[in-house]
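Scroll down for the structure; my scribbles are underneath it.
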Amino acid sequence: MIDWKTDSWRKFPIKQVPEYSNISNVALVEKELSIRPPLVFAEEARRLRKRMADVAEGKAFLLQGGDCAESFAEHNANNIRDSFRVLLQMAVVLTFGSALPVIKIGRLAGQYSKPRSSPFEVINDVSLPSYRGDMVNDMLFDEEARKPDPERLLKVYDKSAATLNLLRAFAGGGMADLTKLHEWNLEFVRGTKAAEKYKELAAKITSSLEFMKACGMTPENTPQLRETEFYTSHEGLLLNYEEALTRKDTITEEKGWFATSAHMLWIGDRTRDIDEAHVEYMRGIANPIGLKCGPSTNPDDLLRLIERLNPLNQSGRLTLIARMGSSEIQKKLKPLITAVKKSGLIVGWCCDPMHGNTVKASSGFKTRKMDDIMTEVKGFFEVHKEMDTIPGGVHFEMTGQNVTECVGGVYEVNESNLADRYHTHCDPRLNATQSLELAFLLADLLSENRKGLNKEIAAVS
Ligand code: PEP
Ligand code: CO
């Protein structure tokens, strides 16, 4: 890549950077990170790029989800296991509805930093630096706690390595075994309508597995039945951390530079300026990347961004993650798809139905309504149907825990019980039941798409 270096972003204007008081400590931490082993391997990122090419071409569906912000306090085996299980359940529901492979990517093992709309937070006339995620400072509203601390970058590396280790063990070590699919239902989900629907579906799959067993295919002799591919991702926000973990691939002819902090990174809606540092860093790495597109995205700017980020027009390299809001999706997405379609540029399209739908409840809690989330997802599918393009996947914030952060859904979390179990370190997440409900809606939409396609094929042949 001409004129690109792992540190060339440093010459560009940059947004959302923490103001550290001791710069020499930051440099020491960066040096330490640069000699630590990579967290992922280039070949894995390349494999994900191929999977994302399938997503862009309608041969697979993307399921990307996890915490808005991971936190040190909630970093434990049960939380990781429960998020993993819910994502697996959703993937099973979607595979059944779409008859397509589902590509699973967690917002996990590195999602510890947050862009903020204001650098300061004011409470009772006291102004302190905003909380920017555990990678930067502490959430506690206290002067000392809010000071950015570079040592946190090392802690993020350690926590991410531990999470990734467990995820790899789950994915390959038996947790994803399809014959155990009944066991993935979490205790508190049992008895809900979504759980009942899941049970019915699990029973159907189990009887197919029994048939396959009779034909000689078992989890012991067929790895696809007992293992799964699971990838990690986060917003590439703190570029000094990413730079220190960017490594040259020495194994293949391609010899590209790979971000090794995760398989996939995305550029946030607040840092997608073409002349700024985040785009500069991302254009040079060979991983599959995402670009968040909010309602202010202009079609011409988007085309320039796509050309900058994917100059070779490779399929699977770039996924556009639209996050328009339920009332804007129809109006804002269509012009973007029209422009991209006309240009011949290859992208995958994914829907983030969370970030355009955040509202403040009267109790002061930030929340999101299930109805708005569902409306945005439906709108995303409708626009793609109208434009004859591919609704490739979803990107959302969830947890396997029984939280009360988003309102609506079968449990009818309402505004008055948001305070019951509101644990998020940033934006409100779907709980396990709400995540399953979203999966069933998606499965219906995907299965309608499939029926439409089958009809077209039948008409042609
Ligand atoms: C996020 O994904 O948590 C986020 C901050 O999103 P966006 O950049 O789309 O606002
Ligand atoms: Co968020």
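These figures come from a predicted structure and were not determined experimentally. Both counts, for ligands and for their atoms, begin at 1 and track the order of listing. In what follows, every heavy atom counts, from backbone to side chain, and hydrogens, waters and symmetry copies are set aside.
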Protein heavy-atom partner closest to [atom] - residue, atom, separation in Å:
{"atom": "atom 5 (C) of ligand 1", "result": "Pro115 CG, 3.8 Å"}
{"atom": "atom 8 (O) of ligand 1", "result": "Asp269 N, 2.8 Å"}
{"atom": "atom 6 (O) of ligand 1", "result": "Lys292 NZ, 2.9 Å"}
{"atom": "atom 3 (O) of ligand 1", "result": "Lys114 NZ, 2.7 Å"}

Taking all non-hydrogen atoms of both residues, which atom of [X] and which atom of [Y] are closest, and how far apart?
{"X": "Thr232", "Y": "Leu108", "value": "CB-O, 3.6 Å"}
{"X": "Glu70", "Y": "Tyr112", "value": "O-CD2, 3.3 Å"}
{"X": "Ile390", "Y": "Trp349", "value": "O-CB, 3.6 Å"}

*Where does the angle between the aromatic ring planes of Tyr231 and His263 fall among parallel (under 30°), tilted (30 to 60°) and perpendicular (over 60°)?*
perpendicular

*Parallel, tilted or perpendicular: ring planes of His395 versus Trp266, cut at 30 and 60 degrees*: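 Perpendicular: the ring planes of His395 and Trp266 meet at over 60°.
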
_Identity of the N, O or S atom of Glu397 lying closest to the Co ion (ligand 2)_ = OE2

_Could you identify the N, O or S atom of His355 positioned closest to the Co ion (ligand 2)?_
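Of all N, O or S atoms in His355, the Co ion (ligand 2) lies closest to NE2.
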
*asked:* Need the ligand 1 atom indices (1-based, order shown) with element for anything under 4.0 Å from a heavy-atom of Gly268.
replied: 8 (O)

*Please could you name the atoms of ligand 1 that Arg107 approaches to less than 4.0 Å, counting only its heavy atoms?*
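Answer, ordered by atom number: 1 (C), 2 (O), 3 (O).
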
*Using a 4.0 Å heavy-atom cut-off, say whether Glu397 meets ligand 1 through its side chain, its backbone, both or neither.*
side chain

*Start with the C-alpha gap between Ile321 and His355, add the side-chain angles, then the distance that decides, and say whether side-chain contact (heavy atoms from CB on, under 4.5 Å) holds.*
CA-CA 11 Å; Ile321 308 168; His355 287 91; over 6 Å; no

*Are the charged groups of Arg116 and Glu121 less than 4.0 angstrom apart, N to O?*
no

*Is any NZ, NE, NH1 or NH2 atom of the basic residue among Glu243 and Arg10 found under 4.0 Å from an Asp or Glu carboxylate oxygen of the other?*
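Salt bridge between Glu243 and Arg10, a charged N being under 4.0 Å from a carboxylate O: yes.
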
_2.8 Å cut-off met by an N, O or S atom of Cys68 to the Co ion (ligand 2)_ = yes

*Counting heavy atoms only, name the option from Arg323, His355, Glu235 that's nearest to atom 1 (C) of ligand 1.*
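When every heavy atom of Arg323, His355, Glu235 is considered, His355 comes closest to atom 1 (C) of ligand 1.
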
